[in-house]
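Below: the structure, in structure tokens.
Numbers here simply count residues along the sequence, with the first being 1. None of these values were measured; they are calculated from a predicted model.
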Amino acid sequence: MSGEARETRETRTVFDEFFASADVGEDEFVTLDLGADSLTLPFMVEPVFLIPMSYLHDLGVGSAMSFDLVFAAAWEAVDPLGRYGPTPAFGAQVLAALGGNPQRADADSRRHLRLALTALGTFRGKGLRRHEGRAYLELGRALERCRRNADALSAYERGRALLEEEGDRHGLRAAHARLALVMGSIGLYEQSLLHAEAGQRIGRGLAPAASAGRPALGHAHITATLHFRRVRALMRIGFLDEAESALDDWHRDPDGGTDRYELLATTGELRLLQERNAEAVEALVGAVDARFADAGTASLPVRTHYLENSVELFGKATGAALHIGRPDLAAGLLAAMTGRRPRRPEGPAPAALRPLDEEIRALALRATRAAVAGDAGMLTVHDDRARILLEARDALLHGMRGGGERTPLTVADLTRAIPRAVGPGELALAYARSSENELVVLAVAAGTVVSRKAELPADQLEKLVAPAIEECLRRTEPVAVHRLGQALLAPVADLLADASRVFVTAQGPLADFPFHAAPFRGRPLVHHAEVRSLPSLGLLAPAGAVARSARPRRPEAPRALFAAVEHPSYELLPPLAMLRTEAEAVRTAFPAAGVLHDERATAAAVLEAVESCDVLHLAGHAAFAAEHPNMARILLADRPLFAFEVATAGAAPRLVNLSGCRAGAERRHLGGEGEGLAASFLAAGTEIVVAPPWPVRDDAALAFNSVLYGELARPGREVGAAVRSAQLALVADPRFAHPGLWGAFTVLGGL
């Protein structure tokens with residue numbers, strides 16, 4: 001919005017005062033006006049906030065600004081706006097950024113608390129009591145995240161009193177909703193009920209300002225929250241008939257909004273208490289579909305936020321499905337947890353993406369400086385920036401596809417698709433923890449799904465993962481590896497007997513266990529079958545492959561490339577003397593293979609090769625830290641190649657072999673989506689990534705790669721079978737028989 005337009009606004013805002021008093025560059029910010037209805041959102045204290053001009057430049061001309069992107073832009077303006085001091089405009093911006101990005105705010109509870117306190121301080125003594133009251137609501141939410149419920153209650157009560165004095169009924173109703181929520185979370189269900197009903201009384205006196213004939217977003221959200229807290233409180237007290245009546249009120253309320261997730265989830269929970277299990281399953285499945293209908297277009301933080309706040313829902317739905325004898329439905333529910341990124345178009349990148357891609361390249365240079373300096377703090381800052389750029393890029397691509405090009409798969413679709421996707425001789429295993437601390441294995445084979453339970457409790461099995469990994473790292477007697485592996489495979493031993501390829505997906509600590517090294521019939525499982533680690537059952541469904549853009553398979557010999565740097569000049573690291581020998585192994589198998597060695601292995605050259613070759617062997621020193629997974633990198637000649645760069649590739653090789661210590665490490669989110677170097681190749685479309693989750697010995701890597709590429713050179717040899725042959729060759733060699741050596745070569749990927 002121009003300065004002239006700001007002057008003509010009927011109601012001046014704290015941002016008008018900011019521009020009038022601060023020496024702000026004309027091209028630094030643009031004002032976004034969301035209209036009067038935005039004040040129904042409790043975190044909005046003005047109908048406007050600022051967006052950095054640089055952010056709009058990154059998005060490109062003509063890009064669609066979704067709700068997520070709008071408030072991501074608000075977050076981007078916080079730091080530059082803060083340079084002008086703690087003004088009321090800064091406080092208003094902070095509240096919009098925190099409330100509009102709950103997943104970002106929750107990621108760092110201390111920063112959330114600090115920003116909420118700062119925002120509150122900017123309003124005090126300025127006559128902005130409505131702003132101050134709403135700031136207390138955000139402070140209460142931050143205190144809840146810090147598990148300081150007593151302080152949160154005090155903040156909410158203070159906010160409620162200020163908002164009541166000011167006659168801010170939308171804000172007051174939100175305060176009652178927050179009080180009802182925190183009262184319920186600490187077991188004070190009667191008080192929770194009282195606040196929910198008080199908020200509903202206020203709501204009945206509000207005329208819901210609407211656009212396009214629908215209630216404003218904030219009004220509808222608070223309406224649904226109050227209904228939810230009222231029904232939940234009545235259920236907890238044990239008044240099931242009253243809860244049924246309250247649920248009917250919710251169904252009839254025209255102001256409840258179009259998002260039916262909480263309504264269906266609450267209906268399912270009540271039906272479980274009423275022991276109407278079939279109806280409960282139907283409602284809970286509907287809630288899952290409602291919550292994740294837009295999973296393919298939402299950003300990773302939003303998907304993660306939804307998943308983290310839906311663990312209880314998925315647990316109840318999966319448990320109810322198993323209770324009524326529907327393991328196939330339970331498998332569909334687990335698959336629905338998968339986050340799916342928008343499909344990338346084939347061919348050259350659209351012109352609209354160029355500003356974003358230029359910023360990604362510029363970020364790579366800044367991240368290089370931070371990596372070389374060992375500045376972990378700046379790497380974390382750059383990681384957040386990388387995630388924002390990836391989100392903006394995905395949103396822009398989705399907009400180019402016209403938004404609704406593909407109807408997302410429902411749980412019912414996934415339930416039907418997954419058994420059909422597992423072919424003859426294949427077995428898919430999904431390990432999940434039940435609410436009763438049982439480890440449940442859902443096994444998919446021969447068009448059916450069965451459910452089995454491990455003999456030991458889930459927590460006992462999960463505690464064995466850390467010592468098993470330690471045995472692999474130290475190459476000590478693999479006692480925990482064998483004990484845990486036997487316990488995990490025993491429930492499905494009869495199904496494994498007929499399997500030649502096994503897909504395994506697991507959540508939590510079990511996701512780190514090398515299933516291919518688990519003992520089966522006295523030998524590692526890889527002796528019996530090819531084993532692939534699968535992030536989620538969702539990748540078995542047809543839509544799981546929609547995001548993949550790897551080039552089609554060709555009958556001729558695959559185009560191979562070897563890229564490696566023995567000793568990057570910008571880091572003081574020991575040279576990797578075995579890399580030249582690894583290059584010879586690739587060239588022996590593929591005489592026409594390209595080789596980028598040392599000074600030729602630049603980041604630009606490797607990125608170009610990623611989009612043109614079928615097999616990529618990428619070797620060198622690698623680095624990973626869970627605090628900034630998008631900064632995972634492999635060190636090339638001129639600079640590191642970062643995970644966030646790989647994720648933007650227009651196409652990807654069928655096979656990527658990452659020969660670098662911990663190159664397979666990732667930060668895995670609920671649902672299976674990961675962030676890291678290997679995960680980025682999978683996101684770009686690679687079919688199989690071979691990558692070690694822990695450091696690899698040079699001689700073991702050489703032996704593995706020599707066999708692998710010899711196998712791949714054989715006409716018609718499948719990638720998965722070639723990798724398995726290389727694993728078996730190491731198992732048979734006494735020098736590498738310990739699972740800590742051969743077991744590091746983990747296969748990641750889907751069909």
Keeping the roles fixed (side chain from Arg134, backbone from Met44), state whether a donor-acceptor pair exists under 3.5 Å.
-> yes
Neighbour count >12 (heavy atoms, 6.0 Å) for atom NE2, His669 = yes
Verify ring pair (Phe, Tyr, Trp, His ring centres under 6.0 Å) between Phe49 and Phe71, making sure each step is shown before the conclusion.
-> CA-CA 9 Å; Phe49 54 73; Phe71 284 100; 5.4 Å; yes
Can you tell me if CG on Leu365 sees more than 12 non-hydrogen neighbours from other groups inside 6.0 Å?
-> yes
Can you measure from NE2 (His567) to CD (Glu571) and round to the nearest 0.5 angstrom?
-> 9.5 Å
Apply side-chain contact (heavy atoms from CB on, under 4.5 Å) to Ala152 and list each qualifying residue two or more places apart in sequence or on a separate chain.
-> Leu143, Glu144, Tyr156
Partner set under salt bridge (Lys or Arg N to Asp or Glu O under 4.0 Å) for Arg600, not counting sequence neighbours = none
Give, for atom CG of Leu95 and atom CG of Leu41, the distance between the pair rounded to the nearest 0.5 Å.
-> 12.0 Å
Flag, side chain of Arg148 to backbone of Cys146, donor-acceptor distance under 3.5 Å | no
Hey, is the main chain of Ala605 close enough, under 3.5 Å, to the side chain of Thr602 for a donor-acceptor pair?
-> yes
Residues pairing under salt bridge (charged side-chain N to carboxylate O under 4.0 Å, His left out) where one sits in residues 639-650, two or more places apart or in two chains, turn out to be Arg639-Glu645
For Leu313, does its backbone N or O pair with a side-chain atom of Ser310 as donor and acceptor, under 3.5 Å?
-> no
Could you tell me whether a side-chain N or O of Glu462 sits under 3.5 Å from a main-chain N or O of Pro509, the two making a donor and an acceptor?
-> no
Under the 3.5 angstrom rule, does the side chain of Thr746 hit a backbone N or O of Pro692 as a donor-acceptor pair?
-> no
Where the side chain of Asn101 meets the backbone of Arg104, is there a donor-acceptor pair that is under 3.5 Å apart?
-> no
Separation between CZ of Phe513 and CG of Leu464, rounded to the nearest 0.5 Å = 9.0 Å
Relative to each other, are the rings of His597 and Phe562 parallel, tilted or perpendicular (30° and 60° limits)?
-> parallel
